[in-house]
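First comes the structure, then the notes that go with it.
All figures in this text were calculated on a predicted structure; none of them were measured in a lab. Below, chains carry the letters A, B, ... as their sequence lines are ordered, and counting in each starts from 1.
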There are 2 protein chains.
Amino acid sequence: MRSRPYHHGDLPAELLARAEQTLRERGSGALSLRELARDIGVSPAAPSRHFKTKQALLDALALTGFERLAAVISAAQEGVGESFAERLDAAARAYVGFAVTNAALLDLMFSAKHSPQASEALGATAHLWSEQLLELIRDGQRRGEVRQGALERVALPIFAALHGYAGLTVSGLLPPEVTGPGLDDVIASALRGCEPE
Amino acid sequence: MRSRPYHHGDLPAELLARAEQTLRERGSGALSLRELARDIGVSPAAPSRHFKTKQALLDALALTGFERLAAVISAAQEGVGESFAERLDAAARAYVGFAVTNAALLDLMFSAKHSPQASEALGATAHLWSEQLLELIRDGQRRGEVRQGALERVALPIFAALHGYAGLTVSGLLPPEVTGPGLDDVIASALRGCEPE
DNA sequence: CAAACATTGTGAGCACCGCATACATTGGAC
DNA sequence: GTCCAATGTATGCGGTGCTCACAATGTTTG
C-alpha cells in the first residue's frame, strides 16, 4: 500500500513551482518551507536536501525570475519596428508588465539580502538580461537615435526610470489616476533624456 | 531594590528607536519583537500594548521614515540656488542619500505589504513628502524651466528615475563603476526629459 | 549479481517566533 | 481615598527554520 513512492521524482522543481505560486498569491513573507513540504506531501526536512536554507530557495526563485524576465523582454522584441523608440517602448512595457504581474518575485530579485555567493550567480543572470537592454541602446546609438557616450552611462537613466516606475506602481503609493498614462510619460521622458544632443 | 520601575516611561519610543537600529544593522528580516523586548528589558508581551502586531511596528517605522525623508529633502533646499536644475539636483542627492543610508527602511516604506488602514496614514505622510517635490516642479514650470502639462504627469518620470536609481544602487546588482557617476547621469537625463519643448 | 556508496526522504528535537489570554502593578481622575 | 484605565507580566499555543541520526532508495563497481 505504498501511497507514495519514497522518492518524489523531482522535488526541487516542485518546490520552486509551489513556492512561486504562494509567492504570487500571498507574498514572500508567507512562504514557509514546512508548509511547502506539507503541501507537497513530504517530510519537513526534505526540502533542505535541495535548498540548504530558506534564503537559498529564495535565491533560486530570484534566479528563475531573471531568466523569465529575459525571456519576456526577448519575446517582446519580436515583430516590432526597427526604430529605437519602438523597440524601447516594447521592452519597457514588457518589463513593467512583468514587474506588475510578478510583484513579489521582482521584490526578491532586486532585494539586497542575497547570500554573497548567490549574488554572484544572480549577477551573472541579471547581466544576461541587462545585456539585452544594453544591446538595444547600443543599436540606437548606431542608428544615431541615441546620444553618444559610454553605454552604461547612457543606459542607467533608462534602467532607473523603468525600474522606478515599476517599483512605485507596485508599492501602491501613487494615486491611481497617475499610474494609467504614467508609463507613457516615463517612456517619453526617458527617450527625450537620451536623445542625441 | 527596584532594579527597574514597573513602567518604562516611553516604551513606544524606545521600541521604535531600537527597531530602527536593528533594521539598519541587520535588515528588516532580522527584526523580532521578542528580541526587542529582551534588549529593552521588558516582558515579551509588552510591545503588543503599543503595537498590536509586528506589521503595525513596521508601519509605524515606515511612517517615521517618510517624515525623516521629508525633513532631509527640506533641509537640502536651504541655501541652494534658485534655478530648477540646482534645486532638483539638491533634492535628488538628498533623496538618494537617504535611500542609501537607510536602505532597509526605504524598502519598508515602499513595500506593498502594509495593512489597508495603515496604508491610508502612510499615504497621507507620503503625500506630505511628495508635495515638496511637486512644489519644486511647479516652481520650475512657473520659471519656464520645466515643460508645461499636468503636474503629476511631469513629476512622475522624475520620481521614477530617482526612485529607480536608489533601488538599483541599494540592490547591489549594478557594477560599482556605474554607481559613481550614475546619479549625475540620471539627474541630467531627468532634466532633459522635462525641459520645455 | 551483489556489495558498497551516494542520494534523497524521515523522524524527532531544539530554539525561536508572533500572538492571545489572564493577571499584577501603577498613576491619575473623581 | 477609591476606582479605573493604562501599562507591563506570566504563561502557553501553534508555527517556524534548522540540525542530526536514521531509513529507504538509486547507482556504481568489484
Cut-off 3.5 Å, side chains only: do A/Glu67 and A/Thr64 have a donor facing an acceptor?
no
Evaluate the side-chain proximity of B/Val146 to B/Pro196: yes if any heavy-atom separation is below 4.5 Å, no if none is.
no
Rounded to whole angstroms, how far apart are CG on A/Leu11 and P on C/dG9?
4 Å
From the options C/dG9, C/dG18, D/dC18, select the nucleotide whose nearest atom is closest to the side chain of A/Lys54.
D/dC18
Under-4.0 Å salt bridge between A/Glu145 and A/Arg87:
no
Distance check needed: C/dC17 P versus A/Glu35 CD, whole Å only.
21 Å
What is the separation between atom CZ on A/Arg38 and atom C1' on C/dT10, rounded to the nearest whole Å?
16 Å
D/dT16 phosphate, OP1 or OP2, under 4.0 Å from B/Arg34 side-chain N/O:
no
Classify the ring geometry of A/His163 against A/Phe110: parallel below 30°, tilted from 30° to 60°, perpendicular beyond 60°.
tilted
Provide, to the nearest angstrom, the distance between the CG atom belonging to A/Asp39 and the C1' atom belonging to D/dG15.
14 Å
NZ/NE/NH1/NH2 to OD/OE distance under 4.0 Å, A/Glu25 and A/Arg18
no
Expressed in angstrom and rounded to an integer, what is the separation of B/Leu58 atom CG from C/dC19 atom P?
10 Å
D/dC18, OP1 or OP2 - any side-chain N/O from A/Thr53 closer than 4.0 Å?
yes
Atom CZ of A/Arg49 and atom C1' of D/dT19 are separated, to the nearest Å, by 10 Å
Tell me: CZ of A/Phe51 to P of C/dT7, nearest whole Å?
17 Å
Looking only at C/dG9, D/dT19, D/dT9, the nucleotide nearest the A/Ser48 side chain is D/dT19
Closest to the B/Ala45 side chain, choosing from D/dG17, C/dG9, D/dT9:
D/dT9
Give a yes/no on whether any side-chain N or O of A/Ser32 is located under 4.0 angstrom from OP1 or OP2 of D/dG15.
no
NZ of B/Lys52 versus P of C/dT21: gap in Å, rounded?
8 Å
Between A/His50 and C/dG9, is there a side-chain N or O to OP1/OP2 distance below 4.0 Å?
yes
Could you tell me whether A/Leu31 contacts a base, only the sugar-phosphate backbone, or nothing, with contacts defined as non-hydrogen atoms closer than 4.0 Å?
sugar-phosphate
